[in-house]
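Only one structure is covered here, and it is reproduced in the block below.
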Amino acid sequence: QVQLAESGGGLVRAGGSLRLSCTASGRTFSEAVMGWFRQAPGKEREFVAAIDRSGRLYYAESVKGRFTMSRDNAKKMVSLEMSSLKPDDTALYYCARTPRTAFFANMDYVSTQKSYEAWGQGTRVTVSS
């Protein structure tokens, strides 16, 4: 059974930075897409970033140039470096993983929540103005 645990959330001022991490248990970590999603108060959960088996990165337009995702298959860990944070980035951030996938994914697949089979509990990020 796959379990995911996020960490690194907190309170930061606009313009600041935070680094989120997600560690995973279970096998085949390296054979799955890993993604980050977020849910702001009163809004639907939305795609933030993902990385597929090849290491290809995918980002929502709203975070491009500000967020950087990475993965370490040996540690079964993914990270999300967030910089130039804005109050609109305030949300509960979730880590998620798909089942085993093809080596290359695509944006439609990685940005769709139904593609993911396991989710963490979330870590809260609050950006003050």
Minimal non-hydrogen separation, Asp52 against Ala105, with atom names: OD2-N, 3.1 Å
Where Pro99 and Ser115 come nearest, the two heavy atoms and their spacing: CD-O, 3.4 Å
Would you say Ile51 ends up clustered with Tyr94 if hydrophobic residues are merged whenever their side chains have heavy atoms under 4.5 Å apart, either directly or through other cluster members? no
For the side chain of Ser25 and the backbone of Gln3, is there at least one donor-acceptor N/O pair under 3.5 Å apart? yes
Considering non-hydrogen atoms only, spot the tightest contact between Met107 and Tyr59 and give its length. CE-O, 3.3 Å
Asn106: partners by side-chain contact (heavy atoms from CB on, under 4.5 Å), with sequence neighbours left out: Asp108, Tyr109
Give the cluster check for Tyr58 versus Val33: same hydrophobic cluster or not, with ILVMFWY residues linked at side-chain heavy-atom distances below 4.5 Å. yes
Under the salt bridge (Lys or Arg N to Asp or Glu O under 4.0 Å) definition, can you give me all pairs with a residue in residues 21-45, not counting sequence neighbours? Glu31-Arg100, Arg38-Glu46, Arg38-Asp89
According to the salt bridge (Lys or Arg N to Asp or Glu O under 4.0 Å) rule, which pairs have a member within residues 10-26, sequence neighbours left out? Arg19-Glu81
For the hydrophobic clusters of this structure (ILVMFWY residues joined by side-chain heavy atoms under 4.5 Å, transitively), does one cluster hold both Val2 and Val78? yes
So, for Phe67 and Met82, which heavy atoms are closest and what is the spacing to 0.1 Å? CE1-CB, 3.5 Å
Backbone of Phe47 reached by a side-chain donor or acceptor of Ser111 within 3.5 Å: no
Do any N or O atoms from the side chain of Asn73 and from the backbone of Lys76 form a donor-acceptor pair under 3.5 angstrom? no
Path from Phe29 to Met77 over hydrophobic side-chain contacts below 4.5 Å: no
What heavy-atom pair brings Cys22 and Met34 nearest, and what distance separates the two atoms? SG-CE, 4.5 Å
Approximate separation, where rounding is to 0.5 Å, of Arg71 CZ and Leu57 CG: 10.0 Å
Can you check whether Tyr116 and Phe37 have ring centres sitting under 6.0 Å from each other? yes
In this structure, CG of Leu80 is separated from OH of Tyr93 (nearest 0.5 Å) by 7.5 Å
Under a 3.5 Å distance rule, please check whether Arg53 uses its side chain to pair with a backbone N or O of Thr101 as donor and acceptor. yes
Residue set satisfying side-chain contact (heavy atoms from CB on, under 4.5 Å) with Ser84, at least two apart, ordered chain then number -> Arg66
Less than 3.5 Å apart, which donor and acceptor atoms pair up between the side chains of residues 118-129 and the rest of the protein, not counting sequence neighbours?
{"from": "Thr123", "atom 1": "OG1", "to": "Gly9", "atom 2": "N", "distance (Å)": "3.0"}

Consider only side-chain heavy atoms of I, L, V, M, F, W and Y, link residues closer than 4.5 Å, and tell whether Met69 and Val63 are in one cluster. yes
Can you name the nearest heavy-atom pair linking Ala96 to Leu4, along with the distance? CA-CD1, 3.6 Å
Which residue pairs satisfy the salt bridge (Lys or Arg N to Asp or Glu O under 4.0 Å) criterion with at least one member in residues 109-118, sequence neighbours excluded? Arg97-Glu117
